[in-house]
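Notes follow once the structure below has been shown.
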2 protein chains.
Amino acid sequence: MSPRAGQTKKRTRIQAINEEKIVEAALEIFATFGFRGTTIDQIAQKAEMSKPNLLYYFRRKEDIYISVLRRTLEEWLTPLTALNPKGDPLEEISKYTALKLEMSRKNPTASRLFANEILHGAPMIEDVLKGSLKQLVDEKAAVIRNWVREGKLAQVDPYHLIFMIWATTQHYADFKVQMRAILGETVDAPDYYEQAGTTISAIFLEGLKPRG
Amino acid sequence: MSPRAGQTKKRTRIQAINEEKIVEAALEIFATFGFRGTTIDQIAQKAEMSKPNLLYYFRRKEDIYISVLRRTLEEWLTPLTALNPKGDPLEEISKYTALKLEMSRKNPTASRLFANEILHGAPMIEDVLKGSLKQLVDEKAAVIRNWVREGKLAQVDPYHLIFMIWATTQHYADFKVQMRAILGETVDAPDYYEQAGTTISAIFLEGLKPRG
DNA sequence: TTATTTCCTGACCATTTGGTCAAGTTACGC
DNA sequence: GCGTAACTTGACCAAATGGTCAGGAAATAA
């Protein structure tokens, strides 16, 4: 019988290994070529197995894609959960921004996969976006709104602030090709993301106005 | 004889009309489905002509894509050229940011097309990125660097600042689906981009630190 | 009007690709 | 070791799709 990946039946040893190999291979291919641009053969080759064998674990191309997406999305949201209402506002936001930037550095592929899906209208994960994502963001937006109310932050809209942090940090994964075209190999140097962090942090905290 | 779109031969009246129709239709389809995800038939249908007829004007799918991309890219870069070295720094940057945000509002399709191309490694426009784009950005980065040196701006890296402005403003086109999932129809209300502009502007100028 | 160039189309083709299947092979519980 | 369930594969299929082509229709120059 076919194993029906995703369902929680007894997963055999080989099943666990192969599903992992497939999903890992698929992440990179999908992120590079998009859903339509990816062929099952490509994934199979990267995962070092035959196409029919891959299809034994995931009946449809779409199943692989969704599997990869959900895993990625979960990982992608984790940093926001760590935003602590009891912590120091500026410090919490700084930490969150740094964490997101670090993720763009360490796992740009995941960011690109996600960006690609959103860009094309998020047909496969609309429910997650309107569900757990919305819930989490609403919750954290309320936290930020409180901080503003208490005078611990400048008067800003919490949602737009969150979007701005996402945009800024994910840009370093999604648009790295453009950055490399402009800056050359600099973008691959070890201190590039450090500089980015410094600049981003400075602007978020102090703004562009010069201070005496 | 085939008309060879893009070359400057005598373009007949009908040729001009149809090429325009094709490119316009293609922009939307490509932005939504990506290069591989788009079929010539889709474009032909949207442009209200038969597939062979479309292929009479553009011999290959790739030709249409490149044509659309170059036109978009050009339009996309224009605002940066307006950054005036003699103007007031904070005001110039504010104006630039507002202009980019306005473009995201008015022409999100173009932004998404461009984002998609970069995301997939910019295989078709690498030369433009490393050429005219780089040149323009280098030039404007020097302007910003001067402003910083003269103490008219806080100490920030000009390139990272430019990237941050791009990221923030384009996010409102590229990730609008995500925003809509979180905020609902709010994002389609007339004052949504106004709020965005206010928040972005506030943060870029003043930062998040509360002021007495 | 007529000749010629441009424009347009239905029919067609080759390739790619998602997905199936029958039949073998391997792993594993007993 | 043995039987069964899990795993693997080559061969195959149907649909989708990029692109061609011969010939007809329309525009336009003479």
Side-chain angles (χ1 to χ4, degrees), chain A residues 1-26 28-30 32-69 120 123-124, chain B residues 1-26 28-30 32-69 120 123-124:
Chain A
M1 218 221 296
S2 155
R4 301 242 261 149
Q7 290 226 0
T8 324
K9 299 246 170 170
K10 309 180 244 185
R11 299 210 332 171
T12 67
R13 191 179 57 87
I14 294 177
Q15 204 176 125
I17 291 172
N18 280 342
E19 278 176 20
E20 175 61 26
K21 278 211 309 196
I22 293 169
V23 168
E24 201 170 318
E28 237 174 284
I29 310 281
F30 277 133
T32 308
F33 302 103
F35 179 70
R36 291 276 312 260
T38 293
T39 72
I40 300 180
D41 261 324
Q42 276 177 295
I43 302 175
Q45 204 172 340
K46 184 138 206 151
E48 290 173 304
M49 67 182 66
S50 67
K51 185 171 72 162
N53 197 19
L54 185 153
L55 285 165
Y56 171 73
Y57 292 102
F58 294 86
R59 290 253 253 287
R60 308 218 230 125
K61 184 182 170 183
E62 207 181 290
D63 293 345
I64 316 172
Y65 187 66
I66 290 177
S67 195
V68 175
L69 254 188
H120 293 8
M124 312 274 197
Chain B
M1 220 223 295
S2 157
R4 302 241 259 148
Q7 290 227 0
T8 324
K9 298 245 169 171
K10 311 180 239 183
R11 299 212 330 171
T12 67
R13 189 180 57 87
I14 294 177
Q15 204 177 126
I17 290 172
N18 281 342
E19 279 177 17
E20 175 62 26
K21 278 211 309 196
I22 293 169
V23 168
E24 202 171 319
E28 238 174 283
I29 310 281
F30 278 134
T32 307
F33 302 103
F35 179 71
R36 291 277 309 262
T38 294
T39 72
I40 300 179
D41 260 324
Q42 277 177 295
I43 302 174
Q45 203 171 341
K46 184 137 207 153
E48 289 172 306
M49 67 182 66
S50 68
K51 184 170 73 161
N53 197 20
L54 185 152
L55 284 166
Y56 171 72
Y57 292 103
F58 293 86
R59 289 254 253 286
R60 309 219 231 124
K61 187 181 167 184
E62 207 180 289
D63 293 345
I64 316 172
Y65 187 66
I66 291 177
S67 196
V68 175
L69 254 189
H120 293 7
M124 312 273 196

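Here is the naming used below: chain letters follow the sequence lines, and residue numbers restart at 1 for every chain. These values consider heavy atoms only, across backbone and side chains, with no hydrogens, waters or symmetry-generated copies. Just so we're clear, the structure is a prediction, and the values are computed from it rather than from any experiment.
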Between [options], which one does the side chain of [X] approach most closely?
X       : options                : result
A:Lys61 : C:dT17, C:dG19, D:dG18 : C:dG19
B:Arg36 : C:dT9, C:dT17, D:dT9   : C:dT17
A:Pro52 : D:dT20, D:dT9, C:dG19  : D:dT9

At under 4.0 Å, does any side-chain N or O of [X] touch on OP1 or OP2 of [N]?
X       : N     : value
B:Tyr56 : C:dC8 : no
A:Arg13 : D:dC7 : no
B:Gln15 : C:dT6 : no
A:Thr12 : D:dC7 : yes
B:Tyr57 : C:dC8 : yes
B:Asn53 : C:dC7 : no
B:Ser50 : C:dT9 : yes

Rounded distance (Å) that lies between atom [atom2] of [N] and atom [atom1] of [X]:
X       : N      : atom1 : atom2 : answer
A:Arg59 : D:dC7  : CZ    : P     : 14 Å
A:Ile17 : D:dT8  : CD1   : C1'   : 15 Å
B:Arg60 : D:dT20 : CZ    : C1'   : 14 Å
A:Leu54 : D:dG10 : CG    : P     : 14 Å
A:Ile40 : C:dT20 : CD1   : C1'   : 12 Å
B:Ile29 : D:dT17 : CD1   : C1'   : 15 Å
B:Asp63 : D:dG19 : CG    : C1'   : 12 Å
B:Glu19 : C:dC8  : CD    : P     : 11 Å

Which comes earlier along DNA chain C counting from the 5' end, the contact point of B:Lys51 or that of B:Asn18, where each point is its nearest nucleotide?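 Going by which nucleotide is closer to the 5' end, it is B:Asn18.
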Kindly compute the distance separating [atom1] ([X]) from [atom2] ([Y]), expressed to the nearest 0.5 Å.
X       : Y       : atom1 : atom2 : result
A:Met49 : A:Leu55 : CE    : CG    : 10.5 Å
A:Thr39 : B:Arg36 : OG1   : CZ    : 7.5 Å
A:Lys61 : A:Thr38 : NZ    : OG1   : 6.0 Å

Should the ring pair B:Tyr65 and B:Phe35 be called parallel, tilted or perpendicular, given that the plane angle runs from 0 to 90° and is split at 30 and 60?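 If you compare the ring of B:Tyr65 with that of B:Phe35, the planes turn out tilted.
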Let me know, please, whether B:Glu62 or B:Ile14 comes out on the 5' side of the other along DNA chain D by nearest nucleotide.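 Nearest nucleotide further toward 5': that of B:Glu62.
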Residue pair B:Val23 / B:Phe58, side-chain heavy-atom distance below 4.5 Å: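 A side-chain contact exists here, since the closest heavy-atom pair is under 4.5 Å.
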